[in-house]
Amino acid sequence: MKKHISIFTVVALLFGSMMSSCVQDLEHDCIDPNMITDKDIELNQLFSKCYSTLGLTGQKGPDGSGDIEGMDEGKSSFYRTVNETNEYGCDQLYWIWPDIGVAELRSNSWTSTNIQCRGLYARCYFDITLCNLFLDNYEKEAGARKTAEVRFIRALNYYYLLDNFGNVPFCLHVETDDPDQIKRADLYDWLTKELEALRTDLAPAGQRESYYRIDQAAADLLLSRIYLNHEIYLGTADQAVYDKAAKYAKMVIDSPYQLASKYQYLFMGDNDNLSAVNDAYKEIILPVAQDGLQTRCWGGSQYLIASYSTAGMPSVGTIDRWKSLRAKAQLVQLFCPELKRPYEPTNAAEFKKMYGKYAVTTSTEDASSYDENGFPICIKEMQAACGDDRALFINSIKDTTGVLHYCNFWKECKADVFYSGWLIWKFTNKVADPKHVLGDSKLVDMDIPMMRAAEAYFNYAEAVLRGAGEIDGYTPVEAINTIRRRAHAEEISTCDLDYILDERGREFYGESMRRNDLIRFHKFTGSTYAWEYKGGDILGKTPIDDYRILFPLPLTDVVANSKLTQNPGY
Amino acid sequence: MADGLGSANTNWQDEIYRTAIATDHNFNVMGGTKHMPYRASLGYTYQDGTLRTSQMQRATASLNLNPSFLDDHLTFNLNAKGMYIYNRYAEGGAVGSALVYDPTRPVRVDPFLNDTTENPAYHKEYGGYYQTPYLADQSALMDSTWNYVQNGNVPQNPVAQLMNHKDQAHSGSFVGNLEVDYKIHGLEDLRLHANFGADYSYGKQTTVDNVYSYNGNNYYGWDGYNEQTKYNLQFNCYAQYYKDFNENHHFDIMAGYEWQHFKNWGSNGGNGLYQMTNTGFLDKDKTMPKAGEKYNENFYKYATENYLVSFFGRVNYIALNRYMITATVRGDGSSRFAKGNQWGVFPSVALGWKIKEEAFLKDVNWLSDLKLRLGYGITGQQDLNNGDYPGLLLYELSREGASYTLGEIDPVTGQYIYYQTARPNAYNPDLTWEKTTTYNAGLDFGFLNSRITASVDYYYRQTKDLISMVDVPIGTNFRNQVLSNIGSLSNQGVEVMLNAVAIDRKHLKWDLGFNFTYNQNKILHLSTGSNNADNPYYVTTGGISSGTGNTIQRHQEGYAANTFFVYQTYKTEKGTYEIYDQDKSGSINDKDLIPYHHAMPDFTMGLQSKWQFYGVDISISLRSSIGNYVYNDVKAGKMSGMATPAREGGYTNVLKSALPVYNAIVDSKTIKTDANAFMTDLFVENGSFLRIDNITVGYTFDKPKIMARIYATVQNPYLYSPYSGLDPEVFSGIDNNIYPRSMSALLGVSLQF
């Protein structure tokens, strides 16, 4: 009996000690080799993450560990969310597939659950919170310049929030309390002061620390853009602010940044600063790195290039073809003003008759359709017909069986029908420097030219036309002619505001500027200007309500944060 | 003949399916001494799948030892089981392709036959199989010998899909368990029990696509692997004390402890290869050709673990053999939560009253049993499906393809230097157990000496602190959605069971069983903040195949989970459908989406019946579901392609039942076949059904020395449903099934000596 009691005691003691040590197991560290804690983090891992939010969607390329939850990872990229929200509801581009949210953007009937709006908002705040973390904890270690660059990235995100949503949650630190809402005018005020303040710590224009980092020219160009739009943000125009817009634009014009020698160079696979031929780097003030091997995502330049690409088109330097984006009639009309109504050519004779000198016949990808520099001959013909290097259109295409199809114009674009709508050959993964080695046959190398010096010429010209004083006698006409000369377009002798809007359309189509431009020129809402599918009908006869100059705050955040008030109208 | 059709006549079903063979061998030994009984078994199974290329082989070995000592006061139970499995998985996409693939196309293109209808030029790129040709962008591919690539928008040749893909898995596992039970000498009412368990498995899967694959791996091929090791260790022990004070008072009490550790780690990776004809280079100076080099190589390594620790106790008391009470309580600790939130306490109480035993019912003969049950309990849930560390702030390092350069140049290579980045991941230190409280009341009946038994139960279950991904106020965490304890939902319902022996004669017996369930599910609360009726918060769910990222269901407060939200349509005089503009905004947008039925059934019923007549037995079981709605994703997905059946050079079969719908919407003003048709109520259908699950007919021989039984079973012979698709019984209500649930028949003989 005694023996048995002692067995019992031993067993009980053994179990007792086991229990207490095993309860300790509940506190254990993460054993995943892909994760580190803030004890082990290096400054550049976080600093480069702040920059990479502009060009990547997550921690695995091209997808697999996204930054944003609740949406397709490819669509959550900074550039793509900006591009979709700022182009699809305007007069230039048409996305033909029935992707979620696209039809609402196209017909200007978006609501507070629109996925693209939500994506843009979520992306901006992901970036802002990341920058806040960096600024809260690493400011000292990073030093003044890196700190100023991260502040710029945060300011750039706030700029898109200011422009697209207006009255938004405002947070400059990582906090668990729900952020307060800031009024659009107050955000404008904070943002301009912030940019003016941080610019002094940035490298002087043209002297950036290394190619993908920014310098004062980026802050100056963004300031000129914001000042130019101040009437929209504040409700009233102020002469003195246009002077500031002109001043900052002129500072960029006078900086070491210059226009690239060829318009097409800006949107090619070797538009970085390693190319011996392509000099796009001279113009690109904020390049967002993309690389077919190292920096891959579906929402950066991959989106820009593959979206426009269709089999039978001249090569765009990637085998990835999404067959998605087409030109709306109003974009084509900027270059081909004779085309005034819908056309649907079905044979060669009709094609010639309807499109006249713009009836350019392409051939598919055999070598004979390229010139000695690898440039498609059909594109050269279109440029010649339009008298403008920026007319990068294709309006006929061969299918794989060799049958030629003629693209329609101002007709309903149908998913699946690859010849509905004119095609655009602007963004490519082709190279100007034959020595450039493309990283991949599918994922592209083209950097996103997020901000480029050409915009400064437009901002300057427009600010002067809106009342700013000319600086050093530099005229709007001269500024615009600088741009037109590069495009080998005829020089102009006079220039008014309407001309600026059209010229901006010719220069920047597809570059996420259009919504902002149309709103600033008061042509977005109301019925003064009709475009294909405006308000939902193909002739664009349905006016857009004024409240739609702002997007709604996403419903998800309005519900989660009780301090927020939805924008009027939604 | 229409343009673009071929001249072959191929039955793609016949090409991908085969009659499969399976063998199964088992060997068992039992024996041992009185104090050491043992049982050992070996098994081997070989099975070919009906889809060509699929195959499975399995070998198992198991051992069971049951020694006992000290007058049976100390007993051991040792179980060990080892298993090895080889699997060759067929490419499942072939099933769908076979249904839509153009029957006028041949399986292979004969390179020697100069057949002008099937372009022999591209047999090389597609390995001799017929595929819809798609011109390669050779300047991007850097290979002028490779003329055609794949087109993701057209279906693949199903046979090529099977043959160009080789997916094999080897896995081994071991499960071991040791139970020790000890009754204290001299205090036999007290029992100690301990259990040690270990479960270990290792698996490696290799996936090879050859260069002719008509998928993303065309040209480069793919050679990949996935390797995982995992184990689960478990230890528990408890002490139990029984006491019958006298025949009217039974009492037992139990207290115990449990510890579990789950760990898994592994890696995956793979690469393609640049073909030898590739003319690209890796470097600027063109000294290193790409030909023969690895393409798109990636590698990933991971490890994760979690622990569960529990203390539990139970008290049972039965008085006068008719009043019963059971009370339990457990404290569970999970390592998945942050310190301070790891423990949850979960009590339960159950009361029983055998009313039949009361004096006033004792003599009522027709009532053989009557019992009332009442219960209350809380259970906890910590299975997050979202990793083991949601409470920690961790920085995730970037992997291949997600590096970023700041533009610094490596002086040696002249190329940019790329940084590995680190991203703070969202974390929630407040996260804790999800809790479900259940109240239930039930009555058990027995009539006519228990020839008829029945039970009725009512339950109400409310889940609180629901763990789910929700949108949090922006700026307060490192991601827009964070795993949180959010919201609550309720389920209430009634369950009825009825069993009867309808006929009970010597040579004729009829057993009948029936069950009925009514359940109502409702989301009570879902968001972190306020909600307003005009713009209610919801979580989208129910992904559909049309477009990219579209969903058809929502979880929304006040509605059942997985409620469909669709455009309501009406039929015009012309016979076309139009969408109701609910908010009268003049255009159709997502404010016009309205709730329309839900995926969960309101009622389910089951009926089992068995007749025995001399040696013959017949049994049948039926099942029915009422009030479940189904989104016919297959039909909806056909709308956009109908206008262009010869999409990009390849004809595809269309669904017959989709045609009338398509014809009724093709001229609609508000419905666009390629833009919003798939969001209309036209594709949400009543999925109620009555199904015969199986019918078995058998005959049993029962002689003293030999017993034999011969039988035939048909599984799933009959389905009645108003649903227009193949099968309305789909999980969560989205039907993208293109393959009918199979009906199978089995003949069997069993002998016992």
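Letters A, B, ... are given to chains in the order of the sequence lines, protein chains preceding strands, and every chain is numbered from 1.
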Worked check of side-chain contact (heavy atoms from CB on, under 4.5 Å) between A:V559 and B:D471
CA-CA 9 Å; A:V559 170; B:D471 289 271; over 6 Å; no

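- With a 4.5 Å cut-off on side-chain heavy atoms, A:Y211 and B:L406 do not count as touching.
- Interface check for chain A: of the options B:K263, B:E305, B:H261, the most heavy-atom pairs under 4.5 Å are formed by B:E305.
- Interface remark: B:Y302 contributes backbone and side-chain atoms alike to the contact with chain A (heavy atom separation under 4.5 Å).
- Put simply, of B:G333, B:G401, B:S403, the one with the most heavy-atom pairs under 4.5 Å next to chain A is B:G401.
- Between the side chains of A:N34 and B:Y300, at least one donor N or O lies within less than 3.5 Å of an accepting N or O.
- Contacts of B:M679 with chain A are absent, with no heavy-atom separation under 4.5 Å from either backbone or side chain.
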Between A:Q59 and B:L397, is the side-chain contact (heavy atoms from CB on, under 4.5 Å) condition met? List the steps.
CA-CA 7 Å; A:Q59 295 305 82; B:L397 297 171; 5.7 Å; no

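- Across every non-hydrogen atom of A:T295 and B:Y404, the tightest pair is CG2-CD1, 3.8 Å.
- Checked by atom type, the side-chain pair A:Q294/B:T405 shows no donor-acceptor distance below 3.5 Å.
- Neither the backbone nor the side chain of A:Q566 comes within contact range of chain B, judged by heavy atoms closer than 4.5 Å.
- Residue A:V444 does not touch chain B at all, counting heavy-atom pairs closer than 4.5 Å.
- Per-residue counts of heavy-atom pairs under 4.5 Å with chain B were compared for A:L293, A:I115, A:D440; the largest is that of A:D440.
- The structure places CG of B:D388 at 8.5 Å from SG of A:C30, a figure rounded to the nearest 0.5 Å.
- Within the 4.5 angstrom heavy-atom criterion, no atom of A:F170 approaches chain B.
- When side chains are defined from C-beta on, A:S315 does not count as touching B:Q138, because their heavy atoms never get closer than 4.5 Å.
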Evaluate A:F126 against B:R423 for side-chain contact (heavy atoms from CB on, under 4.5 Å), listing each step before the verdict.
CA-CA 11 Å; A:F126 173 88; B:R423 171 184 69 193; 3.7 Å; yes

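- No side-chain heavy atom of A:V437 sits less than 4.5 Å from a side-chain heavy atom of B:D283.
- Chain A forms the most heavy-atom pairs under 4.5 Å with one residue out of B:L393, B:L394, B:I474, B:I409, and that residue is B:I474.
- B:T476 places a side-chain heavy atom less than 4.5 Å from the side chain of A:D178.
- With a threshold of 4.5 angstrom between heavy atoms, A:P33 approaches chain B through its backbone and through its side chain.
- In this structure, chain B has no heavy atom under 4.5 Å from any part of A:T53.
- Two residues are said to be in side-chain contact when any heavy atoms from C-beta on lie closer than 4.5 Å; B:Y416 and A:Y212 meet this criterion.
- Between B:P473 and A:A560, the closest heavy-atom pair is CG-O, 3.4 Å.
- Taking every heavy atom of both residues into account, B:L141 and A:S441 meet most closely at CA-CB, 4.1 Å.
- Here A:D67 is the residue among A:D67, A:D29, A:T37 with the most heavy-atom pairs under 4.5 Å with chain B.
- Looking at heavy atoms from C-beta onward, A:L130 lies out of side-chain contact with B:F478 at the 4.5 angstrom threshold.
- With hydrogens and angles disregarded, no donor-acceptor distance shorter than 3.5 Å links the side chain of B:Y419 to the backbone of A:N44.
- For B:N480 (side chain) and A:E69 (main-chain N/O), a donor-acceptor pair under 3.5 Å exists by modelled atom type.
- A:H28 and B:S335 get closest at one heavy-atom pair: NE2-OG, 3.3 Å.
- Heavy-atom pairs under 4.5 Å with chain A peak, among B:K591, B:Q415, B:E396, at B:E396.
- The two atoms that bring B:Q420 and A:S48 nearest to each other are O-OG, 4.2 Å, heavy atoms only.
- Around NZ of B:K301, the count of heavy atoms belonging to other residues, nucleotides or ligands within 6.0 Å does not exceed 12.
- No part of B:Y219 comes within reach of chain A, as not one of its non-hydrogen atoms sits under 4.5 angstrom from that chain.
- Between chain B and the residues A:I128, A:T176, A:L133, A:V174, the most heavy-atom pairs under 4.5 angstrom are made by A:L133.
- The residue among A:T113, A:D72, A:L46, A:L438 with the most heavy atom pairs within less than 4.5 Å of chain B is A:T113.
- Using a 4.5 Å cut-off between heavy atoms, B:N296 touches chain A through its side chain atoms alone.
- Checking A:D25 against B:W259 by side-chain atom types alone, a donor-acceptor pair falls below 3.5 Å.
- For A:P434, the part sitting under 4.5 Å from any heavy atom of chain B is the backbone (N, CA, C, O) and nothing else.
- Distance NZ/A:K442 to CG/B:D137: 13.0 Å, rounded to 0.5 Å.
- Among A:C171, A:G55, A:S109, the residue with the largest count of heavy-atom pairs under 4.5 Å with chain B is A:S109.
- Of the two parts of A:R118, only the side chain, counted from C-beta on, holds a non-hydrogen atom closer than 4.5 Å to a non-hydrogen atom of chain B.
- Using a 4.5 Å cut-off between heavy atoms, A:I36 touches chain B through backbone and side chain atoms alike.
- Your options are A:N273, A:D177, A:N429, and the one with the most heavy-atom pairs under 4.5 Å with chain B is A:N273.
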From CA spacing to verdict: side-chain hydrogen bond (donor to acceptor under 3.5 Å, both in side chains), A:T129, B:R479
CA-CA 9 Å; A:T129 313; B:R479 202 170 273 208; over 6 Å; no

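- Comparing B:S546, B:G414, B:S334, B:G407 by heavy-atom pairs within less than 4.5 Å of chain A, the highest count is held by B:G407.
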Could you check B:N589 against A:W110 for side-chain contact (heavy atoms from CB on, under 4.5 Å), going step by step and ending with a plain yes or no?
CA-CA 7 Å; B:N589 58 35; A:W110 51 77; over 6 Å; no

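- When side chains are defined from C-beta on, B:N425 counts as touching A:M35, because their heavy atoms get closer than 4.5 Å.
- Counting heavy atoms of neighbouring residues, nucleotides and ligands inside a 6.0 Å radius, atom CD of A:E27 exceeds 12 of them.
- The shortest side-chain heavy-atom distance between A:L26 and B:Q342 falls under the 4.5 Å cut-off.
- Contact annotation for B:D285: only side-chain heavy atoms (C-beta onward) come within less than 4.5 Å of a heavy atom of chain A.
- Looking at every heavy atom in both residues, B:S139 comes nearest to A:K430 through OG-NZ, 3.6 Å.
- With rounding to the nearest 0.5 Å, the separation of CG in A:D32 from OG1 in B:T304 is 6.5 Å.
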